[in-house]
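All remarks here apply to the structure that follows.
Source: prediction; values computed, not measured. We name chains A, B, ... by the order of the sequence lines, and we start the count at 1 in each one.
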Protein chains: 4
Amino acid sequence: MTAKPRGRPRNAQTDTAILEAARDLMAADGYERMTIEAIAARAGVGKQTVYRRWPSKAAIVAEAVMAGHLGIRADAPPRTGDAAADLRTWLGQFFGQLGQPATVAVIRGLAAAATDGGTEAEQLYERFTGPGREQMLDLLRLGVEHGQFRASLDIEAAADAISGTLLYRALIPPSAVVDTDAAGFLDLLLLGMTPRTSPGGTRPERR
Amino acid sequence: MTAKPRGRPRNAQTDTAILEAARDLMAADGYERMTIEAIAARAGVGKQTVYRRWPSKAAIVAEAVMAGHLGIRADAPPRTGDAAADLRTWLGQFFGQLGQPATVAVIRGLAAAATDGGTEAEQLYERFTGPGREQMLDLLRLGVEHGQFRASLDIEAAADAISGTLLYRALIPPSAVVDTDAAGFLDLLLLGMTPRTSPGGTRPERR
Amino acid sequence: MTAKPRGRPRNAQTDTAILEAARDLMAADGYERMTIEAIAARAGVGKQTVYRRWPSKAAIVAEAVMAGHLGIRADAPPRTGDAAADLRTWLGQFFGQLGQPATVAVIRGLAAAATDGGTEAEQLYERFTGPGREQMLDLLRLGVEHGQFRASLDIEAAADAISGTLLYRALIPPSAVVDTDAAGFLDLLLLGMTPRTSPGGTRPERR
Amino acid sequence: MTAKPRGRPRNAQTDTAILEAARDLMAADGYERMTIEAIAARAGVGKQTVYRRWPSKAAIVAEAVMAGHLGIRADAPPRTGDAAADLRTWLGQFFGQLGQPATVAVIRGLAAAATDGGTEAEQLYERFTGPGREQMLDLLRLGVEHGQFRASLDIEAAADAISGTLLYRALIPPSAVVDTDAAGFLDLLLLGMTPRTSPGGTRPERR
DNA sequence: CTTTAAACGAGACGGTACGTCCTGTCTTATT
DNA sequence: AATAAGACAGGACGTACCGTCTCGTTTAAAG
């Protein structure tokens, strides 16, 4: 049990203001070019107030993502009973967002934050992938149980492959993006079934 | 045909010295913490000499990787005729190197460099993934022809999934790494076959 | 009335530390060779702290002189009632200091600073010559009233001639200095009387 | 006797081009801001060619002045037999030029060059003031002999006072300049006679 | 109410690195 | 051998942020 706080309590709206400032600047400048000084200024807040709440830029970004201030929405996946379909729907959310520059900026930022090294990388990994990963593993496990995915599936490895592909797609330059849709990707990964190709079927040339 | 060069020619050894300095500092400090000033100092070179040759830290790192000064070796894959086996062997090289801190540092650096934005990201993508990707696509195509991989395989998507997973494994903190071996991963991705699990078969606990 | 200051107030001792560092380096290296970086380092201060207070090297030097940190002492002249004698005594202070390397360094620095152009030159002129000039004009005026100097004396022109000679003596190389004493110079300028020559009377050869 | 020169002879026009480039840049940017690199570029010449001929910026400027490329004209003074009048005429040349910005820039540059310290200051002093000084001393000596100046005049000190005043007038900011004419100044210095004031006679207010 | 204690905006502070500019020297190929 | 061009090690420039540290002020709860 925490001791009753004394002195002036922290202003809860300040958190929001900072996270929103971070979100805007991230979209505008990218993670690297965004500075804590600029975040504070845009939030109309002293620098110390930022440092009092988060230890680093990476931590701010991680929180902004988790709090939903940044583009990637981690809504709970649907649970219709059809695990494969649910997974497709859910991943579709993410793959669909890869078209939006803001989302790409965020994922790039997270990757950059992860490379900052030190404990933040671990934190970020935990906070960012943690909850989503659990959902993913659940659905994969369910799919195996229901016989939708093959029994030998290494669900942890599968989860990593999904996350990794998502990350990779965000990092590569837009001109090189291959427009495979999420469902096709999932089939590729998990089923050995014919992936449903995008309408028209023909793959565009790489630049 | 290039114009005839005038004035004192650039010293080719200087390039090497700078790239090697970058390699060492990258391994020691990581991409973010490595400074151009330190690279110049370690190479025994003026800062301007660095800037004369590369426009940014990202560009230096990209070149260092391509020139083979940085840990990831992109040797040509073996061509035994068995495409699936060749691919396994070749990817094994990369996955095996994920255990070495220097290699991880490099991949993290490349990711960070890619997030630096601008044209360098594209350059980096082209130069880094380009050659390797061609090899990968070749082997995948061959495997499909020989019936080792299913006919419906989207080889571009498969290549992205492989690259992405490799990247993801390098970025996540060591404590969270799942020790699936390369062969198992490949089976997962391409075959729908039972992956060969590591001896003992039990998955270690996550931290 | 000035606006109420906000934020952390500037440390007044820091001003002193910087000015003293400038004084020392000026004496040691001369104005040209003295760098702002070295001033900051010697004062144990960040470079920005220097730039926050003064816009240029010239401005620092000007302030250092006015604050008395640099060698030229502009003590108020004596007021014995004998204006000519007072002037001689007072100017003697300055001419006497021309033998000290530190003083010469300062005057040279002021001249160099003046040539930096811009508004600082004006500032420097005002602040450096201003107060002393008033004293000089006062004494000259008094001397004319008392009949010690001829009635037709253009006191402003006389003041310029005095300042200019002082400056010139500081700028020329030591080997070329003529050792006329202050009193003799003054007589030359103002009285048409026989200057009191230095003991021995013979002028040394120029180099 | 010098050995017969071998190899390609120096181009004499190059000297001129460099000195003229220096003259132009001096007028445009001032001594401090003028760089040797810019001089070479403007003269259409390699940097080394400049360094082969002069050891320093100060030396270039000194030569530019002596060669008449820079504003101050040191024509020989007239010799009418009336030493005082000749001196007035001659000094009038200099004082008159103080109105031209280019001339002021040059004198300021010379002062700055003198403060560069080292041997260049001495060189510069010798080359710049040397020839003119001889002329000045000659006329002063002549004036004393003819009884135009008082017999007790210390001619070396008088020459310094004249040079110093000229220098001082060039260094002080234009707004502070007192418009005493040369003749009046000279009378002040040498004669104890009523100086001829400018028409109207009233001194303008200082800024 | 008054005291106490923390939060807050502001901005100074010692540092570090940035990317640019210039110095004076050194190679090139050319004249 | 001199030249135009330009690379080179070095070093200072003035700027931007870092993360920390005062300031004076504000806001609650405790006395």
Side-chain angles (χ1 to χ4, degrees), chain A residues 4-12 14 33-41 43-57, chain B residues 3-14 32-41 43-53 55-57, chain C residues 4-14 17 32-41 43-53 55-57, chain D residues 4-12 14 33-41 43-57:
Chain A
K4 188 190 297 177
R6 307 224 313 156
R8 178 175 175 177
R10 290 191 185 172
N11 183 347
T14 298
R33 261 172 285 284
M34 171 179 68
T35 70
I36 291 192
E37 218 149 49
I39 294 173
V45 141
K47 248 200 303 184
Q48 193 66 238
T49 300
V50 177
Y51 280 109
R52 202 176 288 122
R53 292 157 196 244
W54 293 280
S56 68
K57 200 165 70 165
Chain B
K4 186 195 300 179
R6 308 226 296 166
R8 177 176 175 177
R10 293 190 183 172
N11 184 346
Q13 299 180 34
T14 299
E32 305 291 351
R33 259 171 287 285
M34 170 180 68
T35 70
I36 291 191
E37 221 149 49
I39 293 174
V45 140
K47 241 198 305 184
Q48 195 78 87
T49 299
V50 177
Y51 281 109
R52 202 178 288 124
R53 291 155 194 248
S56 66
K57 204 165 66 165
Chain C
K4 186 196 299 180
R6 310 225 294 167
R8 178 176 175 177
R10 293 190 184 172
N11 184 346
Q13 297 180 36
T14 299
E32 305 291 350
R33 259 171 287 284
M34 169 179 70
T35 71
I36 292 191
E37 221 149 47
I39 293 174
V45 141
K47 241 199 306 186
Q48 196 79 94
T49 299
V50 177
Y51 281 110
R52 202 177 286 124
R53 292 156 193 245
S56 68
K57 205 165 67 165
Chain D
K4 188 196 297 179
R6 307 221 311 154
R8 177 172 173 180
R10 288 192 185 174
N11 183 345
T14 299
R33 261 171 286 283
M34 172 179 67
T35 70
I36 291 192
E37 216 150 49
I39 293 173
V45 141
K47 247 198 306 182
Q48 193 64 237
T49 301
V50 176
Y51 280 109
R52 202 177 289 122
R53 292 157 195 244
W54 293 279
S56 67
K57 201 165 69 164

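- A:I36 CD1 to A:Y51 OH: the interatomic distance, rounded to the nearest 0.5 Å, is 3.5 Å.
- Rounded to an integer number of Å, the gap from CD of B:Q13 to C1' of F:dA9 is 16 Å.
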Legend entry - Working for side-chain contact (heavy atoms from CB on, under 4.5 Å), residues C:T49 and C:R52: CA-CA 5 Å; C:T49 299; C:R52 202 177 286 124; 3.6 Å; yes
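- Close to E:dA10, at under 4.0 Å from its OP1 or OP2, lies no side-chain N or O of C:K4.
- At the phosphate of F:dT3, OP1 or OP2 sits under 4.0 Å from a side-chain N or O atom of D:R52.
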Inset, instruction - Assign a letter to each nucleotide of nucleotides 16-21 of chain F from its 5' end: B, base within under 4.0 Å of a protein heavy atom; S, sugar-phosphate only; -, no contact. - result: BBBBBB
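- Between the CD1 atom of C:I39 and the P atom of E:dG14 there is a distance of 15 Å, rounded to whole Å.
- In this structure, C:A43 and C:A17 approach most closely via the heavy-atom pair CB-O, 3.7 Å.
- For the pair A:N11 CG and F:dA28 P, the interatomic distance rounds to 9 Å; values are reported in whole Å.
- Between E:dA7 and A:T49, no contact under 4.0 Å exists linking OP1 or OP2 to a side-chain N or O.
- Distance check, rounded to the nearest 0.5 Å: NZ of B:K57 to CE of B:M34 gives 5.5 Å.
- Across all their heavy atoms, C:N11 and C:R53 have their closest contact at O-NH1, 3.1 Å.
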